[in-house]
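Input: a single structure, listed below in structure tokens.
Along the sequence shown, residues are numbered consecutively beginning with 1.
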Amino acid sequence: MKELNINIIDAAVGLVQSIEDMPSDKEKGKVILDTFMRIKKTDNEVRNRLELFAFRSSQCYLKL
């Protein structure tokens, strides 16, 4: 995945925030929604790599 530049882990690490210690469901929901909205933006690296995943993965298998 790194070779094909479709690794989402590196890009997602900065976006994901732990909700484990948050006291209320409302706070947890806000963090989850905010994260989703950031990923959904067209300039987000995670979103862009996910969109390229199927295309680039299939090219890799064709080379085999």
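By the 4.5 Å side-chain criterion applied to Ile, Leu, Val, Met, Phe, Trp and Tyr, Val13 is assigned to a cluster that also includes Ile9. Side-chain contacts under 4.5 Å among hydrophobic residues (ILVMFWY), followed directly or transitively, place Phe36 together with Leu33, Met37. Applying the 4.5 Å side-chain rule to ILVMFWY residues, one finds Ile19, Met22, Val31 in the same cluster as Ile32.
Between the CD atom of Glu45 and the CG atom of Asn7 there is a distance of 10.5 Å, given to the nearest 0.5 Å. A distance of 5.5 Å separates CG in Asn44 from CG in Leu15, rounded to the nearest 0.5 Å.
The side-chain hydrogen bond (donor to acceptor under 3.5 Å, both in side chains) check on Gln17 picks up nothing, with sequence neighbours excluded. Evaluation of the salt bridge (charged side-chain N to carboxylate O under 4.0 Å, His left out) rule for Glu27 yields no partner, not counting sequence neighbours.
Asn48 and Thr42 get closest at one heavy-atom pair: OD1-O, 3.1 Å.
Residue pairs meeting the salt bridge (charged side-chain N to carboxylate O under 4.0 Å, His left out) criterion with at least one partner in residues 30-41, sequence neighbours excluded, are Lys30-Asp34.
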